[in-house]
Amino acid sequence: MSIVAVTGANGFVGGAVVDHLTEQDVSVRPLVRRGGTPGLVAPDLGSAADWSALLSGCDSVVHCAARVHMLQEVTDALALYREVNVAGTRRLAEQAARVGVRRFVFVSSIKVNGESTGGAQEPPIFRSADRPAPQGAYALSKIEAERALFEIASRTGLEVVIIRPPLVYGPGVRANFLRLMTWVDRGIPLPLGSIDNRRSMVFVRNLASLVSACITAREAVGQVLLVSDGEDVSTPGLVRILAGAMARPARILPVPKSVLRSAARLLGRSDEVDRLLGSLQVDIEPTRRLLGWSPPVSLPTGIVETSNHFKGARS
C-alpha cells in the first residue's frame with residue numbers, strides 16, 4: 001500500500017489534507033512539528049533537517065508546512081523565510097528523492113503571481129502561466145522554493161506538482177477571516193458598502209480535494225495549478241453571506257474608498273485595507289480541464305460550515 005507523508009499535518013491546511021486522505025482510505029503518515037497531536041514529530045524545516053527515516057517507504061509527500069506571514073517584520077525577514085521555505089523545502093525534496101519518493105506536491109501561494117488583479121498596471125485575473133510577480137519576503141521565498149523543486153525534479157526524476165491557493169478559509173480559520181467573522185457576529189457596522197471588487201478564495205476541503213487529485217493524476221506532474229472555489233465574491237458580498245450564515249444583520253456603511261485609505265495610512269493598516277478594497281481573482285479553468293476536477297463544496301456551503309464551527313467554538 002502506498003503511503004503519503006504530509007508535513008504540517010497539525011496545521012490548518014495540513015490537517016484538512018490528512019482528514020481528506022484518510023476519508024479516501026489513503027494510508028497517511030502525518031508529520032508534525034510539535035508533540036501533543038497525532039503524528040510523527042518532524043524536524044524543524046531548514047537546511048540541516050534529516051527527513052530520511054520519516055520519508056522511508058512513502059510514495060508521495062504533500063508539503064504544507066512553511067513559515068507564514070509574521071505579525072511584525074523583523075530584521076532580515078527574507079533570510080528567515082529562505083531558511084525555512086526555500087532551504088527547508090529543498091532539503092525535504094532532495095531527501096525524498098533519495099529514499100525513493102515518487103511524487104512531491106507543494107502547497108505554494110497565489111502571492112507568487114502578485115498581490116492583486118484588475119488595476120491599471122495589473123492583470124485582469126491571475127493565471128498559472130503568468131510571469132511571477134512576487135512582492136515581499138514570503139512571496140519571494142515561495143517562488144524560490146518552486147524553482148528549487150523543479151530543478152531537483154530535472155536532476156532526480158521526482159514528480160513535482162505546485163498548487164497556488166489564494167486565501168484559504170474553513171472551520172478553524174484564523175487571522176483576518178476570523179476577525180471579519182467576529183465583527184459580523186458582534187453586529188459592528190463595517191464601512192465596506194462602496195467597495196466593488198472581486199476576490200477568489202478556497203474552502204480548505206476544496207484545497208484538500210485538489211491535493212488528493214494531484215497525488216495520483218499523471219497529468220498533474222510538472223504543473224503549476226491554481227485553485228479556488230470557482231465563485232468569486234466582493235468584500236461586502238462576503239459580509240452578507242457571513243451575516244446570513246450566522247443569522248446576523250449585515251451592517252454595511254457606504255464609506256468612500258478614499259476615506260478608508262486615508263484612515264488606514266494614519267493607523268498603519270494600509271496593507272490590510274488594500275486587501276479589503278482590491279481584487280484578486282484566479283483562473284482555475286486550466287486546473288478543471290487538466291484534471292477533470294471541480295471544487296466539491298460551493299462557497300456558500302463553505303461559509304456556512306466555517307461560521308457553524310465559529311459559533312460552536314464561541315459557545
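Counting only heavy atoms from C-beta outward, the side chains of V221 and V160 never approach each other to under 4.5 Å. Between R103 and L158, every side-chain heavy-atom pair lies at or beyond the 4.5 Å cut-off. Residues I163 and V211 meet the side-chain proximity criterion, which asks for heavy atoms closer than 4.5 Å. Counting only heavy atoms from C-beta outward, the side chains of V17 and C64 approach each other to under 4.5 Å. In this structure, the side chains of E115 and E122 stay at 4.5 Å or more apart for every pair of heavy atoms. Residues P295 and I284 are in side-chain contact: their nearest non-hydrogen atoms beyond the backbone lie under 4.5 Å apart. With a 4.5 Å cut-off on side-chain heavy atoms, L178 and W183 do not count as touching. When side chains are defined from C-beta on, V202 counts as touching P166, because their heavy atoms get closer than 4.5 Å.
Of the possible polar contacts, one joining the T156 side chain to the I152 backbone as a donor-acceptor pair under 3.5 Å is found. Proximity of a side-chain donor or acceptor of D232 to a complementary backbone N or O of R198 within less than 3.5 Å is not detected. Not one N or O on the side chain of T301 forms a donor-acceptor pair closer than 3.5 Å with the backbone of V297. The main-chain N or O of K111 is never found under 3.5 Å from a side-chain atom of Y138 such that the two would form a donor-acceptor pair. One N or O on the side chain of S194 and one on the backbone of V255 form a donor-acceptor pair closer than 3.5 Å. Judged purely by atom type and a 3.5 angstrom limit, D59 has no side-chain atom pairing as donor or acceptor with the backbone of V4. With hydrogens and angles disregarded, a donor-acceptor distance shorter than 3.5 Å links the side chain of T287 to the backbone of L226. Using modelled atom types, one side-chain atom of D50 and one backbone atom of S52 make a donor-acceptor pair closer than 3.5 Å. Without hydrogens or angle criteria, Q95 side chain to W51 main chain gives a donor-acceptor distance under 3.5 Å.
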Q) Could you go step by step and tell me if V173 and V168 meet the side-chain contact (heavy atoms from CB on, under 4.5 Å) rule? A) CA-CA 8 Å; V173 66; V168 184; over 6 Å; no
Q: For R205 and E305, run salt bridge (Lys or Arg N to Asp or Glu O under 4.0 Å): C-alpha distance rounded to whole Å, both residues' side-chain angles, the deciding distance at 0.1 Å, then the answer.
A: CA-CA 11 Å; R205 287 204 286 113; E305 289 194 26; 2.5 Å; yes
Q.
R164 vs E146, test: salt bridge (Lys or Arg N to Asp or Glu O under 4.0 Å). Steps then yes/no.
A. CA-CA 10 Å; R164 293 181 189 162; E146 290 183 14; 2.8 Å; yes
Q: Check the pair R199, L167 against side-chain contact (heavy atoms from CB on, under 4.5 Å), reporting the backbone distance first and the verdict last.
A: CA-CA 9 Å; R199 300 201 59 97; L167 185 150; over 6 Å; no
(Q) Applying side-chain contact (heavy atoms from CB on, under 4.5 Å) to V282 and V227, what does each step give before you reach the verdict? (A) CA-CA 7 Å; V282 305; V227 61; over 6 Å; no
Q | From CA spacing to verdict: side chain to side chain donor-acceptor pair (under 3.5 Å), R82, S141 | A | CA-CA 5 Å; R82 279 176 167 159; S141 72; over 6 Å; no
Q: Take T7 and V32 through the side-chain contact (heavy atoms from CB on, under 4.5 Å) test and state the conclusion after the steps.
A: CA-CA 6 Å; T7 70; V32 302; over 6 Å; no
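Separation of atoms CZ (R251) and CZ (R186) is listed at 14.5 Å; rounding is to 0.5 Å. Here the CG atom belonging to L299 is positioned 9.0 Å from the OG1 atom belonging to T306, to the nearest 0.5 angstrom. Between the CD1 atom of I143 and the CG atom of N85 there is a distance of 12.5 Å, given to the nearest 0.5 Å. Taking CE from M201 and CG from L280, the interatomic distance works out to 11.5 Å, rounded to the nearest 0.5 Å. Distance check, rounded to the nearest 0.5 Å: CZ of R240 to CG of L192 gives 9.5 Å. The OG atom of S294 lies 10.5 Å from the CG atom of L210; values are rounded to the nearest 0.5 Å.
Placement of L253 and I188 within a single hydrophobic cluster is found when ILVMFWY residues are connected by side-chain heavy-atom separations under 4.5 Å, directly or transitively. Hydrophobic clustering, with ILVMFWY side chains joined whenever heavy atoms are under 4.5 angstrom apart, keeps V86 apart from V107. By the rule that hydrophobic residues join a cluster once side-chain heavy atoms approach within less than 4.5 Å of another member, V112 and V105 end up as members of separate clusters. Note on V239: it clusters hydrophobically with I241, by side-chain heavy-atom contacts below 4.5 Å among ILVMFWY residues. Both L149 and V61 belong to a single network of hydrophobic side chains, linked directly or stepwise wherever heavy atoms of I, L, V, M, F, W or Y lie under 4.5 Å apart.
Across all their heavy atoms, T117 and Q281 have their closest contact at OG1-N, 3.1 Å. Here the shortest heavy-atom pairing between H309 and G172 reads ND1-N, 3.3 Å. Nearest approach of A66 to V84, heavy atoms of both residues: C-CG1, 4.2 Å. Of all non-hydrogen atoms in F104 and A93, the two that sit nearest each other are CE1-CA, 3.7 Å. When all heavy atoms are compared, the tightest approach of V28 to V6 is CG1-CG2, 3.9 Å. Counting all heavy atoms, side chain and backbone alike, V184 lies closest to A243 at CG1-CA, 3.7 Å.
Salt bridge annotation for R288-E285: present, with a cationic side-chain nitrogen under 4.0 angstrom from a carboxylate oxygen.
Between the side chains of W293 and S209, at least one donor N or O lies within less than 3.5 Å of an accepting N or O. With hydrogens and angles left out, the side-chain atoms of N176 and Y169 include no donor and acceptor closer than 3.5 Å. Judged by distance alone, the side chains of H63 and T89 do bring a donor and an acceptor atom under 3.5 Å apart. Defined by atom type and a distance below 3.5 Å, a donor-acceptor pair is present between the side-chain atoms of S47 and E83. Side-chain contact annotation: T235 with N197, donor-acceptor N/O pair under 3.5 Å present.
Taking a 6.0 Å sphere around CZ of R155, one finds it holds more than 12 heavy atoms contributed by other residues, nucleotides or ligands.
The ring-ring contact (aromatic ring centres under 6.0 Å, His included) pairs that include a residue from residues 264-287 number zero, where partners must be two or more places apart or lie in different chains.
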